[in-house]
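Notes to accompany the following structure.
What you see below is based on every heavy atom in this structure, not just the backbone, and it leaves out hydrogens, waters and symmetry mates. Since we're looking at a predicted model, the values are computed, not measured.
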Amino acid sequence: MQDKIINRELSSVDIIKDTWIRDQNTGSWIIVLSDDLRNYSVQEVNLWYINVLIKTLDSFSHLARAWRIHFGPYKRCDIEVINLEWTQESLYQEYIEKVIEIIRNYSAPIFEIGIDVELFIHIRTSTSPTQPIKTWVRLPDNSFFIHGGLGHGEAYIHFDVAYTLFGPATKEISPLTGPYPEPEEDFIVTLDDNELQLLNQPLLEQALQNWEEIFGSITDVEGIPGIYKYGFLVEPY
């Protein structure tokens with residue numbers, strides 16, 4: 001099976017889905033923050049979001065970069081929800097600077113920011129079917145969420161991956177034995193992703209450690225078997 005991905009120059013290449021699958025529940029990492037934004041001014045709230053956004057992207061700069069950023073206020077119908085995508089018309093740094101400027105001048109306190117990201121990982125392609133290459137991969141549902149806690153709850157940062165590109169994937173996956181592949185189908189597939197895991201997992205581990213050094217301990221981890229604080233353990237685990 002092949003999908004289109006985006007490489008560093010934003011041109012399409014064909015990836016090969018052979019040893020990995022899409023699984024919405026692959027992995028989630030959360031850092032709960034001690035910040036209390038309830039008494040912040042609009043400007044202070046939005047500057048807080050800028051700071052968390054920049055530091056998060058810096059932590060993951062060798063692994064992830066934003067291609068779509070969206071945000072809006074809490075329970076306001078009179079304020080526009082912003083959705084900004086990175087296109088070929090601008091350099092990446094120009095895109096990030098534009099996002100920052102719009103956040104800085106936003107007229108309401110932001111409730112949450114969503115950041116869809118591309119991943120710079122090893123993968124096999126139609127032009128290199130046996131030898132993995134490292135390239136930027138744009139697949140749905142790899143994302144960050146930054147939540148300031150306004151309205152309810154705590155402030156936190158959330159990172160999700162929806163593909164088994166960092167794990168061993170050597171277990172049978174089916175409706176009876178584990179998480180559903182997507183789409184949900186009544187079949188069993190046995191995958192061996194050891195080669196890609198050994199290449200990709202260190203990238204994820206370093207990013208999560210960088211993230212933790214800036215914001216404090218990772219407080220919650222959820223996902224498929226083998227997940228842990230800094231990615232996915234190599235079997236046996």
Looking at every heavy atom in both [X] and [Y], which two are closest together, and how far apart are they?
| X | Y | value |
| --- | --- | --- |
| Gln201 | Gly231 | OE1-CA, 3.5 Å |
| Ala66 | Ile115 | CB-CG2, 3.5 Å |
| Glu154 | His147 | O-CD2, 3.2 Å |
| Ala162 | Asn142 | N-OD1, 3.0 Å |
| Pro109 | Val42 | CD-CG2, 3.7 Å |
| Gly216 | Ile31 | O-CD1, 3.6 Å |

Taking atom [atom1] of [X] and atom [atom2] of [Y], what is their separation to the nearest 0.5 Å?
| X | Y | atom1 | atom2 | answer |
| --- | --- | --- | --- | --- |
| Thr164 | Asn25 | OG1 | CG | 12.5 Å |
| Glu195 | Thr130 | CD | OG1 | 8.5 Å |
| Gln93 | Arg65 | CD | CZ | 12.5 Å |
| Asp23 | Ile224 | CG | CD1 | 6.5 Å |
| Leu165 | Ile123 | CG | CD1 | 5.0 Å |
| Leu53 | Ile69 | CG | CD1 | 5.0 Å |

For the residue pair [Y] / [X], report whether a side-chain donor-acceptor contact shorter than 3.5 Å exists.
| X | Y | result |
| --- | --- | --- |
| Gln43 | Ser41 | no |
| Thr125 | Asp14 | no |
| Arg124 | Thr19 | yes |
| Trp29 | Asp220 | no |

Check your understanding: If you draw a 6.0 Å radius around CD in Glu44, do more than 12 non-hydrogen atoms from other residues or ligands fall strictly inside?
Key ->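 Yes, the 6.0 Å shell around CD holds more than 12 heavy atoms from other groups.
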Practice item. Could you tell me whether Asp78 atom CG has more than 12 heavy atoms of other residues or ligands within 6.0 Å of it? Key: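 Check passes, neighbour count above 12.
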Tell me whether [X] shares a hydrophobic cluster with [Y], the cluster being built from Ile, Leu, Val, Met, Phe, Trp, Tyr side chains joined at under 4.5 Å.
| X | Y | value |
| --- | --- | --- |
| Leu47 | Ile110 | yes |
| Ile82 | Ile113 | yes |
| Ile218 | Leu57 | yes |
| Leu150 | Val32 | no |
| Leu208 | Ile214 | yes |

For a 4.5 angstrom cut-off between non-hydrogen side-chain atoms, does [X] reach [Y]?
| X | Y | result |
| --- | --- | --- |
| Val117 | Ser143 | no |
| Ile79 | Ser107 | yes |
| His158 | Phe144 | no |
| Arg68 | Asn83 | yes |
| Ser28 | Asp160 | yes |
| Glu112 | Ile146 | no |
| Leu204 | Phe232 | yes |
| Ile21 | Tyr163 | no |

When you measure from the side chain of [X] to the backbone N and O of [Y], does any donor-acceptor pair fall under 3.5 Å?
| X | Y | answer |
| --- | --- | --- |
| Gln206 | Leu203 | no |
| Asn46 | Asn105 | no |
| Ser59 | Ala207 | no |
| Asp116 | Pro140 | no |
| Asn200 | His122 | yes |
| Asp192 | Asn194 | yes |
| Tyr106 | Glu80 | yes |

Practice item. Evaluate the ring planes of Tyr92 and Tyr95, with Trp represented by its six-membered ring, and classify them as parallel (under 30°), tilted (30 to 60°) or perpendicular (over 60°). Key: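 Ring orientation of Tyr92 relative to Tyr95: tilted.
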Point to revise | CA sep, side-chain torsions, deciding dist, call: Asn210, His62, side chain to side chain contact (heavy atoms under 4.5 Å, CB included) | key: CA-CA 11 Å; Asn210 292 345; His62 67 283; 3.9 Å; yes
Check your understanding: Would Lys98 and Glu101 pass as an ion pair if we require N to O under 4.0 Å?
Key ->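 Salt bridge between Lys98 and Glu101, a charged N being under 4.0 Å from a carboxylate O: no.
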Check your understanding: Taking Phe166 as the fixed residue, which of Leu119, Ile227, Thr26 is the one that meets the side-chain contact (heavy atoms from CB on, under 4.5 Å) rule?
Key ->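 The single option meeting the side-chain contact (heavy atoms from CB on, under 4.5 Å) with Phe166 is Leu119.
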Review point. Tell me the salt bridge (charged side-chain N to carboxylate O under 4.0 Å, His left out) pairs involving residues 208-219, sequence neighbours left out?
Key: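 Every salt bridge (charged side-chain N to carboxylate O under 4.0 Å, His left out) pair that includes a residue of residues 208-219, provided the two are not neighbours, is Glu212-Lys229.
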Practice item. Test Leu139 against Ile15 for side chain to side chain contact (heavy atoms under 4.5 Å, CB included), laying out the working first. Key: CA-CA 11 Å; Leu139 292 166; Ile15 62 173; 4.1 Å; yes
Exercise for review: Take Leu33 and Trp48 through the side chain to side chain contact (heavy atoms under 4.5 Å, CB included) test and state the conclusion after the steps.
Suggested key: CA-CA 12 Å; Leu33 304 171; Trp48 179 88; 3.6 Å; yes
Practice item. Evaluate side chain to side chain contact (heavy atoms under 4.5 Å, CB included) for Glu205 paired with Tyr228, printing each intermediate quantity in order. Key: CA-CA 10 Å; Glu205 178 178 359; Tyr228 83 115; 3.8 Å; yes
Review point. For Phe111, which of Tyr49, Phe145, Phe71, Tyr74 qualifies under ring-ring contact (aromatic ring centres under 6.0 Å, His included)?
Key: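 By the ring-ring contact (aromatic ring centres under 6.0 Å, His included) criterion, Phe111 pairs with just one of Tyr49, Phe145, Phe71, Tyr74: Tyr74.
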